[in-house]
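The structure appears right after this line, and notes come after that.
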Amino acid sequence: MSDEPVEGGPLSIALLCFVVHRAMEDRVLSDLAAAGFDDITAAQARIFARIGPKGTRVGDLAEQARVTKQTAGFLVDQLERAGYVRREPDPTDARARLVVIAERGLAGVEVARRTEAAVQAEWTRHLGKRATDQLHASLTKLREITDPYR
């Protein structure tokens, strides 16, 4: 992607956010692979990242990741075989199951969180603390009208 304006104008905020998100995702996946978690794909990570602290149903993961329930189930199956997640009965509905992060998944989360903190520190050094704080505040405010899962 270039920094050239699109059709004579600046890049949209959405596209700029996507570029920044993709850079973070690439760094996290690279550091996970270096730490021995080299069997997780970007698609699997996008599903994994949506698992709540008490577990999440496959249908909810699919909705949040904007994929079909079949795709989410397939990715969860792969994550389960690799030991990142497990399925447990949903205590609120005996017919349903929750996807819960397993011990190996929790170890991967620790690596990802360290990388996220390191990258954010790099970005803060580049932008300065004031600009970073302003960006964070602005994006948090924008989330109020853009994130149905907050």
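None of these values were measured; they are calculated from a predicted model. Throughout, numbering of the chain's residues begins at 1 and tracks the sequence.
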Between Arg57 and Asp93, is there a salt bridge with N-O shorter than 4.0 Å?
yes
When Glu80 is tested against each of Arg97, Arg87, Arg86 for salt bridge (Lys or Arg N to Asp or Glu O under 4.0 Å), which residue passes?
Arg87
Minimum heavy-atom distance between Lys54 and Val100, given as atom pair plus value:
O-CG2, 4.4 Å
Should Ile145 and Ile13 be regarded as members of a common hydrophobic cluster, given that ILVMFWY residues are connected when their side-chain heavy atoms come within less than 4.5 Å of each other, either directly or indirectly?
no
Any non-hydrogen side-chain atom of Leu61 less than 4.5 Å from a side-chain atom of Val67?
no
Looking only at atom types and distance, does a side-chain atom of Ser30 sit under 3.5 Å from a main-chain N or O of Asp26, one as donor and one as acceptor?
no
In short, Ala35 meets Val111 closest at the heavy-atom pair CB-CG2, 4.0 Å
Using 0.5 Å steps for rounding, measure from the CD atom of Gln78 to the CZ atom of Arg81.
6.0 Å
Quick one: do Val85 and Leu98 end up in the same hydrophobic cluster if we chain Ile, Leu, Val, Met, Phe, Trp and Tyr together by side-chain heavy atoms under 4.5 Å apart?
no
Return the OG1 to CG distance between Thr41 and Leu29, rounded to the nearest 0.5 Å.
8.0 Å
Any side-chain to backbone donor/acceptor pair from Arg50 onto Arg46? Under 3.5 Å, distance only.
yes
Rounded to the nearest 0.5 Å, what separates atom CZ in Arg66 from atom OG1 in Thr71?
14.0 Å
Roughly how far, to the nearest 0.5 Å, is the CZ atom of Phe48 from the CG atom of Leu32?
9.0 Å
Of the non-hydrogen atoms in Ala131 and Leu127, which two are nearest, and what is the gap between them?
CB-O, 3.4 Å
Taking atom NE2 of His126 as the centre, report whether more than 12 heavy atoms of other residues, nucleotides or ligands fall under 6.0 Å from it.
no
Any side-chain heavy atom of Val20 within less than 4.5 Å of one from Trp123?
yes
If we ignore hydrogens and angles and just use 3.5 Å, is the side chain of Arg104 paired with the main-chain N or O of Ala82 as donor and acceptor?
yes
More than 12 non-hydrogen atoms from neighbouring residues, nucleotides or ligands closer than 6.0 Å to CG on Leu142, yes or no?
yes
If you look at every heavy atom in Ala62 and Ala72, which pair is closest and at what distance?
CB-CB, 3.6 Å
Leu75: which of Val99, Val58, Ile47 passes side-chain contact (heavy atoms from CB on, under 4.5 Å):
Ile47
Rounded distance [0.5 Å steps], NZ in Lys141 versus OG1 in Thr146:
11.5 Å
Salt bridge check, Arg113 against Glu110: does any charged N sit closer than 4.0 Å to a carboxylate O?
no
Between Leu11 and Met24, is there a shared hydrophobic cluster once you connect ILVMFWY residues whose side-chain heavy atoms come closer than 4.5 Å?
no
Point-to-point distance, once rounded to the nearest 0.5 Å, from CD of Gln120 to OG1 of Thr115
13.0 Å
